[in-house]
Amino acid sequence: MKPVLAHSWDVTPAQARQIQLELRDRVELEGRERKLHRIAGADAALDLQAGRVIAGVVIYRFPDLVEIERVWAEAPLTFPYIPGLLSFREMPAILAAFEKVHEPPDLIYYDGHGYAHPRRFGIACHLGVALDRPAIGCAKSRLIGRHEEPPAKRGGWTPLEDGEETIGAVLRTRAGVKPVYVSQGHRVRLGRAIELVLAVSDGYRIPRPTRDADHFVESVKRARCASSGQA
DNA sequence: GCGACAG
DNA sequence: ATCTTGTCGC
């Protein structure tokens with residue numbers, strides 16, 4: 001699948017923030033979900049030696065989560081890590097990977113924040129808008145916002161708030177483990193996003209799609225490094 | 001000015 | 001994210 005957006009990725013941090021401000025209004029916070037036949041998990045890893053970003057996408061049938069496809073791609077590492085500007089580091093590789101997908105998903109889970117972002121445009125929003133697909137952000141730690149400790153049982157959650165606004169949820173996907181930060185990416189209401197994260201969470205803290213994508217990119221990276229070490 | 005800060 | 005030893009909990 002190809003992006004419906006085509007802005008430059010070769011930008012300065014100041015230009016990146018400006019692009020976020022220009023694109024933030026494209027995010028749809030109300031649900032506009034299509035029937036869920038396929039979902040996707042996506043993530044990226046870094047090969048600092050090669051100066052490359054490796055991205056992986058795993059596609060599943062929903063709701064039984066039978067895997068039907070996995071693809072990966074890489075792109076040069078051209079942007080530094082700056083909190084709030086993660087998409088400008090990882091998205092070129094992610095979009096390259098999605099170009100190789102044969103069965104476009106009806107929903108994307110990304111390892112990072114969506115609406116729970118200083119300018120309400122985290123990478124899950126950027127990806128959802130760019131691919132014109134519903135998306136959910138699933139982050140392992142907080143970027144902004146305040147919250148109470150969620151109930152210890154699976155499914156327990158508390159709102160993530162920035163001032164008076166609820167920007168996400170802190171969700172326990174499994175009893176007794178650290179919670180996951182869920183936020184809206186695109187075309188999914190927060191309550192629905194929580195349901196959908198729980199629907200794909202099993203015995204681990206991180207939801208299945210995100211975890212599989214993480215393991216996948218790590219394996220690709222190991223294989224890459226192994227072959228380059230003998231070349 | 002100082003602290004916070006996804007991956 | 002990545003690097004990286006010993007250590008804590010189940």
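First the proteins, then the strands, lettered A, B, ... as listed; each starts at 1. The basis for the numbers below is simple: all heavy atoms, side chains too, and nothing from hydrogens, waters or symmetry mates. A quick note: this is a predicted structure, and the numbers were derived from the prediction, not measured.
- Atom CZ of A:R189 is surrounded by 12 or fewer heavy atoms from other residues, nucleotides or ligands within 6.0 Å.
- Base engagement by A:G84 is indicated by at least one non-hydrogen atom pair under 4.0 Å involving a base atom.
- Taking atom CD of A:Q20 as the reference point, atom C1' of B:dA6 lies 12 Å away to the nearest angstrom.
- Along DNA chain C, the stretch of nucleotides lying under 4.0 Å from any heavy atom of chain A spans, 5' to 3', C:dA1 to C:dT2.
- The 12-atom threshold is exceeded at CZ of A:R52, counting heavy atoms of other residues, nucleotides or ligands nearer than 6.0 Å.
- OP1 or OP2 of B:dA6 lies within a sub-4.0 Å distance of a side-chain N or O belonging to A:Y81.
- Between the CZ atom of A:F121 and the P atom of B:dA6 there is a distance of 19 Å, rounded to whole Å.
- Salt bridge absent: A:E22 and A:R119 never bring a charged side-chain N and a carboxylate O closer than 4.0 Å.
- The distance from atom CG of A:D111 to atom C1' of B:dG7 is 7 Å, rounded to the nearest whole Å.
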Full working for salt bridge (charged side-chain N to carboxylate O under 4.0 Å, His left out) between A:E74 and A:R224: CA-CA 11 Å; A:E74 57 180 281; A:R224 268 177 52 91; 2.6 Å; yes
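- The CZ atom of A:R146 sits 12 Å away from the P atom of B:dC5 (whole-angstrom rounding).
- The residues A:E195 and A:R192 are annotated as salt-bridged, a charged nitrogen and a carboxylate oxygen being separated by less than 4.0 angstrom.
- Following rounding to the nearest Å, A:D162 (CG) and B:dC5 (C1') show an atom-to-atom distance of 14 Å.
- Contact between the side-chain N/O atoms of A:R142 and the OP1/OP2 oxygens of B:dA6 is not found at any separation under 4.0 Å.
- Among the atoms of the strands shown, none is found under 4.0 Å from any heavy atom of A:L77.
- In this structure, A:S141 does not reach the B:dC5 phosphate: none of its side-chain N or O atoms is under 4.0 Å from OP1 or OP2.
- Following rounding to the nearest Å, A:H113 (NE2) and B:dA4 (P) show an atom-to-atom distance of 17 Å.
- Contact annotation for A:A116: no contact, since no heavy-atom pair falls under 4.0 Å across all strands.
- Atom CG of A:L143 is separated from atom P of B:dG3 by 19 Å (rounded to the nearest Å).
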Would you sort out whether A:K100 and A:E69 count as a salt bridge (charged side-chain N to carboxylate O under 4.0 Å, His left out), showing the intermediate values? CA-CA 10 Å; A:K100 299 182 179 177; A:E69 185 180 1; over 6 Å; no
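- More than 12 non-hydrogen atoms from other residues, nucleotides or ligands lie less than 6.0 angstrom from CZ of A:R34.
- Look at OH on A:Y110: it is 14 Å from P on B:dA6, rounded to the nearest Å.
- Contacts of A:E218 with the nucleic acid, taken as non-hydrogen atoms under 4.0 Å apart, involve only primed sugar atoms and P, OP1 or OP2.
- Checking the phosphate oxygens (OP1, OP2) of B:dA6, no side-chain nitrogen or oxygen of A:K140 falls inside 4.0 Å.
- Contact annotation for A:I123: base contact, defined as any heavy-atom pair under 4.0 Å involving a base atom.
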